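Since the structure comes first, as structure tokens, the remarks are kept for the end.
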There are 2 protein chains.
Amino acid sequence: MSLRWALIALLTGRPMTGYDISKSFSTSVAHVWHAPDSQIYPELNRMERDGLLTSVEIPWGKKGTKKEYHVTDEGLARFREWMESPLVPQRQRDPAYLKAAYFDFADPAAVREQLREQQVYWEQHLEMLERTRASLVDRSHPTLAARIEKLDEHEAELAVRCKVYAYDGLIARARSELAWIEDGFALVEELSG
Amino acid sequence: MSLRWALIALLTGRPMTGYDISKSFSTSVAHVWHAPDSQIYPELNRMERDGLLTSVEIPWGKKGTKKEYHVTDEGLARFREWMESPLVPQRQRDPAYLKAAYFDFADPAAVREQLREQQVYWEQHLEMLERTRASLVDRSHPTLAARIEKLDEHEAELAVRCKVYAYDGLIARARSELAWIEDGFALVEELSG
DNA sequence: CCACTCATGTAAACAGTTACATGATTCT
DNA sequence: AGAATCATGTAACTGTTTACATGAGTGG
């Protein structure tokens, strides 16, 4: 259900077509919420049907049109409702921890290899998060820039702080994963030694 | 698919009935992988059909029987295969971060309330993780105790270290969440001030 | 005999993944 | 002319959640 709110959140910045949204979801939004095209387009249609969005047909090329989605008052009200409703704690379901608990069942070399892969992944992820955080602070981030255009300086500052706060959480998580992976290398030495 | 491996992982400790497993999944295993009864029983049947488990009918009371599941060699081999196969990085999909990025859309009092709830949840969760970690270190944890009975002291020590390592990761994550929530309280002061 | 635990599921709905499908437009 | 991008999906499948269903055994 959160996909719905992630879509509204994005569209409060500026109206977008399904394609624009889909591109955002494969870049910056993906840090907070991932979804493939095949989930986005049908959900946009359902949201329009439910009155949370309206769409404007925009000519594209000679014959084609594209649909630009706008958040309705109803959509914004529902978004606020969700924002203020209690957050249900996520159930733990991360294969990395499950595997770690049983590292003694696997070949230490294979474990080391997996740790290396995870390390590369999280290092790249962390770098991306830090780049995005910087683009929020200096307000060069395109979606943020579009959003804060409509706001006064005080409101803009608060909007930026919230986004930076979210990224700080993600960055802390990434660092914590990397520290844990580092400890994993020490553990695997014991397993093979 | 990881449910399957979580089930085998648990059953490598000792043979269990569906009910035992289901109880484990609502207590200690839930720290690493959550699943409800309605997912566990059908999966056990599929795993038996696929030759990963065998079951022994055990009389229960006067008329009834219960099924005790044992991991087969095939099951153990497949588990090792999974353990040594690359770990696909989890896509980010945590409503807490999505909400945080848009805190400026919500009433600060509502945000503060949610932060408090999250704080209570993570504090309790952390306490439970630390209790479980302690029971692994002193080897009083029932599933672990059953598992290490079959092992020599060196192997037992390694098995314990792996489980402790997994819990250390979960504990670090919980602490990181709590620190982030703490920062959230500071942020919400700015939003309402 | 009543409540609780033990025991095992089914059914429907929802969320998410993977693979496939198609055609127009713009850039080189 | 061909490649890349813009644009929008459908279909089949897997995984997860929620609600419901049922009955035997055990302890007070």
Side-chain angles (χ1 to χ4, degrees), chain A residues 1-7 11 15-27 29-30 32-50 53 55-69 82 87-95 98 142, chain B residues 1-8 11 15-27 29-30 32-50 53 55-69 82 87-95 98:
Chain A
M1 206 49 177
S2 294
L3 171 60
R4 176 161 288 207
W5 311 124
L7 289 167
L11 288 169
M16 287 182 173
T17 66
Y19 187 76
D20 296 334
I21 293 169
S22 155
K23 288 303 113 175
S24 291
F25 264 79
S26 53
T27 57
V29 181
V32 178
W33 201 270
H34 166 81
D37 297 9
S38 60
Q39 211 186 349
I40 292 171
Y41 287 107
E43 184 63 22
L44 288 170
N45 285 326
R46 279 191 293 268
M47 287 166 77
E48 188 176 8
R49 186 202 60 200
D50 295 347
L53 303 177
S55 66
V56 178
E57 293 271 336
I58 291 189
W60 179 66
K62 280 155 201 137
K63 315 186 221 167
T65 58
K66 55 185 180 179
K67 276 162 90 178
E68 191 180 59
Y69 289 97
W82 174 73
L87 188 55
V88 283
Q90 289 297 99
R91 324 282 187 117
Q92 190 65 242
R93 206 176 280 120
D94 187 337
L98 176 56
Chain B
M1 207 50 178
S2 291
L3 171 60
R4 178 162 284 209
W5 311 125
L7 288 167
I8 291 193
L11 288 169
M16 286 182 175
T17 66
Y19 186 77
D20 295 334
I21 293 169
S22 154
K23 289 301 115 176
S24 291
F25 265 78
S26 53
T27 57
V29 181
V32 178
W33 201 271
H34 167 82
D37 297 9
S38 61
Q39 210 186 348
I40 292 171
Y41 286 107
E43 184 63 23
L44 288 170
N45 285 325
R46 278 190 294 269
M47 287 166 76
E48 188 175 9
R49 186 201 61 201
D50 296 348
L53 303 178
S55 65
V56 178
E57 294 272 337
I58 291 189
W60 179 68
K62 279 156 203 137
K63 314 186 222 166
T65 57
K66 56 184 179 178
K67 276 162 90 179
E68 190 181 58
Y69 289 97
W82 173 74
L87 189 54
V88 282
Q90 289 298 98
R91 324 281 187 116
Q92 189 65 244
R93 206 175 281 121
D94 186 336
L98 176 56

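By convention in this document, chain letters (A, B, ...) are assigned in the order of the sequence lines, proteins followed by strands, and residues within each chain are numbered from 1. Computed from a predicted structure; not experimentally measured.
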Exercise. Can you measure from CD1 (Ile40(A)) to CZ (Phe25(A)) and round to the nearest 0.5 angstrom?
Key: 5.0 Å
Quiz prompt | Nearest non-hydrogen partners of Lys66(B) and Thr17(B), listed with the distance | solution = CD-CG2, 3.8 Å
Quiz prompt | Spacing of CG belonging to Leu53(A) relative to CE belonging to Met16(A), to within rounding of 0.5 Å | solution = 12.5 Å
Exercise. Determine the contact category for Asp37(A): base if any of its heavy atoms lies under 4.0 Å from a base atom, sugar-phosphate if only primed atoms, P, OP1 or OP2 are that close, otherwise nothing.
Key: base
Quiz item: If each of Lys62(A) and Lys23(B) is mapped to the nucleotide of DNA chain C with the nearest heavy atom, which maps nearer the 5' terminus, i.e. the 5' end?
Solution: Lys23(B)
Exercise. Find the distance Trp60(A):CH2 to dA24(C):P and express it as a whole number of Å.
Key: 9 Å
Quiz item: What distance do Glu57(A) atom CD and Thr65(A) atom OG1 have between them, rounded to the nearest 0.5 Å?
Solution: 4.0 Å
Quiz item: Earliest and latest nucleotide of DNA chain D, 5' to 3', sitting under 4.0 Å from a non-hydrogen atom of chain B?
Solution: dG15(D) to dG25(D)
Quiz prompt | Pair Glu48(A), Ser55(A): side-chain N/O donor-acceptor within cut-off below 3.5 Å | solution = yes
Quiz item: If you round to the nearest 0.5 Å, how far is CG of Leu3(A) from CD of Gln39(A)?
Solution: 5.0 Å
Can you tabulate the close N/O pairs, meaning under 3.5 Å, that link protein atoms to atoms of nucleotides 16-19 of chain C?
unit_1: dG16(C); atom_1: OP2; unit_2: Gln39(A); atom_2: NE2; d: 3.1
unit_1: dG16(C); atom_1: O3'; unit_2: Arg93(B); atom_2: NH1; d: 3.3
unit_1: dT17(C); atom_1: OP1; unit_2: Arg93(B); atom_2: NH2; d: 3.3
unit_1: dT17(C); atom_1: OP2; unit_2: Arg93(B); atom_2: NH2; d: 2.7
unit_1: dT18(C); atom_1: O4; unit_2: Ser38(A); atom_2: OG; d: 2.5

Practice problem: Compare every heavy atom of Ser2(B) with every heavy atom of Leu98(A), then report the nearest pair and how far apart it is. | Solution: CD2-O, 3.9 Å
Practice problem: Please confirm whether the backbone N or O of Trp33(B) pairs with a side-chain atom of Arg93(A), one donor and one acceptor, at under 3.5 Å? | Solution: no
Quiz item: Rounded to the nearest Å, what distance is computed from the OH atom of residue Tyr19(A) to the C1' atom of nucleotide dT22(C)?
Solution: 15 Å
